[in-house]
Amino acid sequence: MDPFKKHTGIVTLLDLPNVDTDQIIPKQFLKRIERTGFGQFLFYDWRFLDGKKPNPEFEMNAERYRGASILVTRANFGCGSSREHAPWALLDYGFRCIIAPSFADIFYNNCFKNGILPVKLSESQVETIFQRVRMTPGYQMTVDLEKKIVGSDNDVAFGFEVDDFRRHCLLGGLDDIGLTLQYEGAIRAYETQHPEATPFPARP
Amino acid sequence: MRPKTMFEKIWEAHVVHEEASQPSLIYIDRHLVHEVTSPQAFEGLRLSGRRARRPDLTFATMDHNVPTTDRSLPIQDAISAQQMETLVRNCKEFGITLFDLRSPDQGIVHVIGPELGLTLPGLTLVCGDSHTSTHGACGTLAFGIGTSEVEHVLTTQCLLQDKPKTFLIEVNGRRPFGVEAKDIILSIIGRIGTDGGTGSVIEYAGETIRQLSMEERMTVCNMSIEGGARAGMIAPDEKTFDYLKGRRYVPADFDAAVERWKQLPTDLGARFDRVLRIDAASLAPQVTWGTNPGQVVPINARVPDPSDFSDPNARKSAERALDYMGLRAGTAMTDIPLDRVFIGSCTNARIEDLRRVARFVKGRRVAPNVYAMVVPGSQRVKKQAEEEGLDRILTAAGFDWRESGCSMCLGMNPDILKPGERCASTSNRNFEGRQGKGGRTHLVSPIMAAAAAVEGRFVDVRQYKLKD
Ligand code: SF4
């Protein structure tokens with residue numbers, strides 16, 4: 001996983017609450033057995049008409065957002081299915097940071113495992129960003145995980161909260177599995193005492 | 001000793017390691033795996049040269065992608081077939097028990113867990129699938145995880161988790177005729193919203209919940225995630241023990257296990273972070289009108305007017321939903337005609353669901369404008385239904401009787417809606433395109449779906465009590 005320290009990029013908008021992971025990556029694309037290549041299918045049913053032509057009514061498709069790497073959206077982003085294909089698709093498309101008033105739990109968690117930083121700001125802060133972005137084509141922001149600040153030069157700057165442990169892992173690009181394996185002794189000790197961890201009765 | 005909630009008891013019994021300001025390392029007792037969210041996890045294991053730590057605690061099936069037509073025919077979709085073959089290969093390589101398409105135990109992962117006695121009170125259970133909350137009906141702490149976490153559990157049999165908050169939902173009072181478990185959970189989601197449970201584990205309690213059968217409890221817990229919760233649970237009781245007794249993977253010394261399980265229910269006086277009380281007597285059969293499960297009304301209501309919502313986001317969502325659903329504000333729910341009816345999914349495709357549907361449609365016919373299908377939750381459910389003759393009642397009434405799998409709950413296999421088709425579905429998600437691009441899904445209980453199939457439109461099932 002790539003570490004995330006500080007990132008500057010063009011901001012794009014998705015002006016809808018409760019965007020579910022079925023929309024982020026529709027099920028017909030879940031059949032791949034790799035982690036990569038999902039970006040082309042991101043928001044597929046919204047982004048494309050007839051699966052080919054870019055939908056001109058989908059805000060993200062506008063030329064001014066080309067190359068965007070920060071997505072700003074509304075509350076409860078990423079609800080629904082636990083599919084990690086959703087953050088894979090966002091990352092593969094080029095997003096490193098998603099800003100919203102709130103996120104669904106599993107999605108929020110999945111982002112950190114893939115080097116994407118989900119930033120929670122208040123409804124009014126998100127609204128301010130929406131307005132700035134719409135006013136200024138090519139609007140860029142900088143997300144600084146070390147300082148826990150997201151802002152734009154001489155414009156807005158918002159502090160945000162993030163769990164220390166998750167921040168630490170993302171800053172270092174650390175992999176959870178490696179961390180957990182350090183506790184092998186504790187896991188083994190637990191298994192010897194825990195009744196449910198003993199093998200099943202003889203199977204028929 | 002301080003009184004504890006059931007969740008706290010299970011959580012504390014599973015902490016392997018804890019440190020201030022870090023997520024806890026908790027032990028996972030059962031890990032269920034399916035074909036869609038696992039290939040990348042196994043690949044990760046392979047790339048790092050690791051093995052599965054506890055293949056004996058890991059069980060796999062194929063459900064999301066599987067065809068629900070004749071199993072003796074080859075699978076048409078080459079990519080689906082590849083995903084299933086990949087699972088077969090991975091299970092073999094890592095020594096994991098797999099219930100494949102030929103197995104009499106195959107089925108939707110959340111249906112077969114309890115069926116096989118893999119889901120037990122007091123255990124932690126995870127699966128790379130959000131509806132893992134279903135298993136909480138047995139007093140299990142069960143939640144969905146992402147693929148990276150699937151790899152984490154395969155490798156370490158543990159997960160790093162922040163301790164969730166607790167949320168008590170107490171339902172008391174007599175459930176009126178026609179109000180099913182599905183209606184209880186849909187009205188809860190309508191009340192708390194699709195993010196009302198975010199960060200929490202819900203415990204459902206109260207006399208109405210106690211009176212639900214095990215399968216009805218599974219329906220309730222299943223949709224906890226639709227209210228944003230990590231998990232939903234119900235305290236184990238005699239019904240739970242009776243349900244589990246004799247199942248394949250239950251502990252050999254079952255009586256001793258029951259004694260342990262009896263210690264699990266929440267202590268009197270234990271504190272929850274949030275409490276919601278609901279009067280079952282006030283509930284009516286529910287139908288969703290929008291594109292998330294919280295956009296729901298009683299059957300005798302009308303499609304809401306977006307301008308009735310004071311919250312601007314809710315208003316915008318409602319406008320968009322009505323547009324997608326092709327509905328006009330003010331239309332009576334009972335005036336909405338249907339093209340399709342789907343009875344299936346991990347919410348409502350167990351034997352009791354099929355029995356209720358069969359009892360209702362016996363001697364009736366599916367309306368000529370409707371194509372209706374029944375997809376049993378598992379091969380066991382299918383076999384049991386056939387032994388009871390339910391399949392013959394259903395097919396005589398004009399239903400299509402299929403093989404088990406997720407099917408049109410998410411339409412990864414060929415069972416999908418065409419654009420614009422409107423479906424009464426017993427599944428759990430009515431998201432845009434969930435059952436097929438442009439498809440319009442209304443979530444209902446099995447009995448509401450059966451009645452809708454017969455009438456060709458939504459009907460208030462309570463009216464049949466007067467007629468019959
Ligand atoms: S039946 Fe539907 S909700 Fe349940 S596991 Fe399958 S796809 Fe998911």
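Protein chains get the first letters and strands the later ones, always in sequence-line order, with residue 1 at the start of each.
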Q | Which of A/Asp164, A/Asn18, A/Asp45, A/Asn110 touches chain B most, by non-hydrogen pairs under 4.5 Å | A | A/Asp45
Q) In terms of heavy-atom pairs under 4.5 Å with chain A, which of B/Asn428, B/Thr156, B/Ile225, B/Asp253 leads? A) B/Thr156
Q.
Let's test your reading of the structure: which of B/Glu43, B/Arg230, B/Gln157, B/Glu35 forms the most heavy-atom pairs below 4.5 Å with chain A?
A. B/Arg230
Q) If only atom types and distance count, is the side chain of B/Glu432 paired as donor or acceptor with the main-chain N or O of A/Asp22 below 3.5 Å? A) no
Q) A/Tyr190 vs B/His14 aromatic rings, parallel, tilted or perpendicular, using cut-offs 30° and 60°? A) tilted
Q | Residue, of A/Thr180, A/Leu181, A/Leu16, A/Asp175, that accumulates the most heavy atom pairs under 4.5 Å with chain B | A | A/Thr180
Q: Apply the test side-chain contact (heavy atoms from CB on, under 4.5 Å) to residues A/Leu30 and B/His64: give CA-CA distance (whole Å), side-chain angles for both, the deciding distance (0.1 Å), then the verdict.
A: CA-CA 10 Å; A/Leu30 306 185; B/His64 282 66; over 6 Å; no
Q) Where does B/Ile145 contact chain A at under 4.5 Å (heavy atoms): side chain, backbone, both or neither? A) backbone
Q) Which atom names give the shortest non-hydrogen contact between B/Arg53 and A/Glu184, and what distance separates them? A) NH1-OE1, 2.7 Å
**Q.** Interface residue of largest heavy-atom contact number with chain B, from A/Gln28, A/Arg74, A/Arg166, A/Glu34, under 4.5 Å
**A.** A/Glu34
**Q.** A/Asp20 with B/Arg429: basic N within carboxylate O range, under 4.0 Å
**A.** no
(Q) Run B/Lys316 and A/Asp15 through salt bridge (Lys or Arg N to Asp or Glu O under 4.0 Å) and show every step you take. (A) CA-CA 10 Å; B/Lys316 207 184 306 166; A/Asp15 195 359; 3.0 Å; yes
Q) Is the closest side-chain heavy-atom distance between B/Arg54 and A/Glu191 below 4.5 Å? A) yes
Q.
Go through it in stages, so that I can follow the logic: the residues are B/Val36 and A/Arg83, the test is side-chain contact (heavy atoms from CB on, under 4.5 Å), and I'd like the CA-CA distance, side-chain angles, deciding distance and then a yes or no.
A. CA-CA 9 Å; B/Val36 177; A/Arg83 58 188 71 164; over 6 Å; no
Q | Sub-4.5 Å side-chain heavy-atom contact between B/Ser130 and A/Ile106 | A | yes
Q: Evaluate the side-chain proximity of A/Glu84 to B/Glu149: yes if any heavy-atom separation is below 4.5 Å, no if none is.
A: no
(Q) Which heavy atom of A/Lys113 sits nearest to which heavy atom of B/Ser148, and what is that distance? (A) CB-OG, 3.6 Å
Q: Counting only heavy atoms closer than 4.5 Å, note whether A/Arg35 contacts chain B via side chain, backbone, both or neither.
A: both
Q: Could you look at A/His168 and say if it's the side chain, the backbone, both or neither that has a heavy atom under 4.5 Å from chain B?
A: neither
Q: Heavy-atom pairs under 4.5 Å with chain A are the metric here; pick the option from B/Thr37, B/Ile416, B/Leu25, B/Val15 that has the most.
A: B/Leu25
Q.
If I measure from the heavy atoms of chain B, does A/Asn109 come under 4.5 Å with its side chain, its backbone, both, or neither?
A. side chain
Q. Just wondering, do B/Thr147 and A/Trp88 contact through their side chains at under 4.5 Å, heavy atoms?
A. yes
Q. For the residue pair A/Pro17 and B/Asn313, what are the closest heavy atoms and their distance?
A. CG-O, 3.8 Å
Q) If you count heavy-atom pairs under 4.5 Å between each of A/Pro26, A/Gly80, A/Ala75 and chain B, which one has the most? A) A/Gly80
Q: Tell me, for A/Tyr44 versus chain B, whether the close heavy atoms (under 4.5 Å) come from the side chain, the backbone, both or neither.
A: neither
Q | When B/Asp195, B/Asp162, B/Asn65 are compared by non-hydrogen pairs under 4.5 Å with chain A, the top option | A | B/Asp195
Q | Side-chain heavy-atom pair A/Ile33, B/Gln83 within 4.5 angstrom cut-off | A | yes
Q | Main-chain N/O of B/Thr198 paired with A/Asp105 side-chain donor or acceptor, under 3.5 Å | A | no
Q. Is chain A contacted by the side chain of B/His152, its backbone, both, or neither, given a heavy-atom distance below 4.5 Å?
A. both
Q: Against chain B, label A/Asn114 side chain, backbone, both or neither, depending on which of its atoms sit under 4.5 Å from a heavy atom there.
A: side chain
Q) Between B/Gly228, B/Pro23, B/Gly433, B/Gly144, which residue shows the highest count of heavy-atom pairs closer than 4.5 Å to chain A? A) B/Pro23
Q.
Between A/Phe165 and B/Leu160, does the side-chain contact (heavy atoms from CB on, under 4.5 Å) criterion hold? Intermediate values first, please.
A. CA-CA 11 Å; A/Phe165 177 78; B/Leu160 284 164; 4.1 Å; yes
